[in-house]
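Numbering of ligands and ligand atoms starts at 1, following listing order. Predicted model only: the values in this text are computed from it and were never measured.
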Amino acid sequence: MKNDLKKIRKAMEKTLDPKRFEHTLGVAYTAAALAMRYDGSIKNAQLAGLLHDCAKCLSDEKRLSICEKHNISINEIERRNPFLLHAKVGSFLAMEEYGVNDPDVIHAILNHTTGRPGMSLLEKIIFIADYIEPGRKQAPNLARIRKLAFEDLDAALLCILRDTLDYLEEGGGEIDPMTSRTYQYYCKECDPESERMITDGK
Ligand code: DGI
Ligand code: FE
Ligand code: FE
């Protein structure tokens with residue numbers, strides 16, 4: 001299948017449940033808006049946004065079996081929390097089923113849940129759009145992070161990582177080492193001015 005946005009949108013409507021499809025459209029449009037703000041590729045933002053959760057509505061068994069069949073590595077945390085694999089499996093399906101060959105788009109799908117140290121602009125945009133899209137309701141500090149995302153991308157990234165780690169710590173969720181490494185990396189990267197924006201909520 002060609003990387004035609006309309007075709008991929010239709011394919012997502014088929015493969016995702018209605019709520020996940022709505023979320024997907026929200027991420028695609030929010031990612032496009034962030035790409036406009038930060039001079040990124042609007043097309044790639046839409047493409048990665050549309051595909052980022054393409055493996056979300058598969059069963060855990062199916063995700064595990066796709067990994068095993070195609071030699072995709074599974075760490076201990078992923079084995080115990082197979083929903084985390086929707087990012088790895090999603091990036092595989094984006095290549096194999098949906099014909100995506102742009103490595104940046106593939107990486108944006110692959111790293112959209114845990115992030116990674118040294119993310120590209122597109123990876124950051126998808127990670128952030130996933131958290132702030134209009135359909136999201138529950139996260140703390142959402143209004144502030146939504147505004148911050150259009151002012152200082154790295155500050156928004158750090159805020160999301162910190163809130164996600166807090167949420168996992170409070171709820172007893174197992175933390176993937178990549179999520180903590182990403183947070184630590186961006187703590188060091190973030191300049192003091194951004195740090196002030198995060199803590200003051202301005
Ligand atoms: O697929 P979505 O729900 O749209 O969003 P997502 O892929 O970012 O997944 C969000 C969930 O992933 C959220 O509940 C926090 C969780 N998460 C992020 N990093 C980790 C994690 N869960 C665990 N157990 N460990 C992590 O390191
Ligand atoms: Fe996801
Ligand atoms: Fe998502």
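Here the closest heavy-atom approach between residue Gly118 and residue Tyr185 is recorded as N-CE2, 3.2 Å. The minimum heavy-atom distance linking Ala94 with Ile106 is given by the pair CB-CD1, 3.9 Å. Taking every heavy atom of both residues into account, Met12 and Phe21 meet most closely at C-CD1, 3.8 Å.
Of the protein's heavy atoms, Glu174 O, 3.1 Å lies nearest to atom 23 (C) of ligand 1. Of the protein's non-hydrogen atoms, the one nearest atom 9 (O) of ligand 1 is Thr113 CG2, 3.7 Å. Distance from atom 21 (C) of ligand 1 to its nearest protein heavy atom, with residue and atom name: Leu168 CD1, 3.6 Å.
No side-chain N or O of Asp104 forms a donor-acceptor pair with one of Asn44 less than 3.5 Å apart. A donor atom on one side chain and an acceptor atom on the other are found under 3.5 Å apart for Glu123 and Ser120.
Within ligand 1, counting atoms from 1 as listed, the ones closer than 4.0 Å to a heavy atom of His23 are 4 (O). Residue contact check: Ile175 has heavy atoms under 4.0 Å from atoms 25 (N), 27 (O) of ligand 1. Those atoms of ligand 1 with a heavy atom of Asp130 less than 4.0 angstrom away are 4 (O), 5 (O), 6 (P), 7 (O), 8 (O). Interface atoms of ligand 1 facing His112, defined by a heavy-atom separation under 4.0 Å, are 7 (O), 8 (O). Here is the list of ligand 1 atoms found below 4.0 Å of a heavy atom in His86: 1 (O), 7 (O).
Ligand 1 is approached by Phe83 to a heavy-atom distance shorter than 4.0 Å. Remark: distances from the non-hydrogen atoms of Arg136 to ligand 1 include one below 4.0 Å.
Contact check for Lys124 versus Tyr186: side-chain heavy atoms found under the 4.5 Å cut-off. For the pair Arg144 and Cys159, the minimum side-chain heavy-atom distance is below 4.5 Å. Thr24 has its side chain out of reach of Arg9: every pair of non-hydrogen atoms, C-beta onward, lies at least 4.5 Å apart. Counting only heavy atoms from C-beta outward, the side chains of Thr164 and Leu168 approach each other to under 4.5 Å. Side-chain contact between Met119 and Leu157: present, with at least one pair of heavy atoms (C-beta onward) separated by less than 4.5 Å.
Geometrically, ligand 1 and Thr179 share a nitrogen or oxygen pair separated by less than 3.5 Å. For a threshold of 3.5 Å applied to N or O pairs, the pair formed by Asp176 and ligand 1 contains at least one separation below that value. Distances between N or O atoms of Tyr167 and those of ligand 1 include no value under 3.5 Å.
Under 4.0 angstrom from ligand 1, the non-hydrogen atoms of Thr164 all belong to its side chain. Neither the backbone nor the side chain of Gln138 comes within contact range of ligand 1; no heavy atom lies under 4.0 Å. Proximity of Lys56 to ligand 1, defined as any heavy-atom pair under 4.0 Å, is confined to the side chain (atoms from C-beta onward).
Of the protein's heavy atoms, at least one falls inside 4.0 Å of atom 18 (C) of ligand 1. Closer than 4.0 Å to atom 26 (C) of ligand 1 lies at least one heavy atom of the protein.
Closest to the Fe ion (ligand 3) among the N, O or S atoms of Asp130 is OD1. Summary: OD2 is the N/O/S atom of Asp53 found nearest to the Fe ion (ligand 3).
Aromatic ring pairs are classed by plane angle as parallel below 30°, tilted from 30° to 60° and perpendicular above 60°; the pair His112 and His52 is perpendicular.
Inclusion of His86 in the first shell of the Fe ion (ligand 2) is supported: an N, O or S atom falls under 2.8 Å. Residue His112 does not count as close to the Fe ion (ligand 3), with no N, O or S atom under 2.8 Å.
For Arg136, the salt bridge (Lys or Arg N to Asp or Glu O under 4.0 Å) partners are Asp130, not counting sequence neighbours.
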task: Start with the C-alpha distance between His23 and Val27, add both sets of side-chain angles, then the distance that settles side-chain contact (heavy atoms from CB on, under 4.5 Å), and finish with yes or no.
output: CA-CA 6 Å; His23 161 72; Val27 174; 3.4 Å; yes
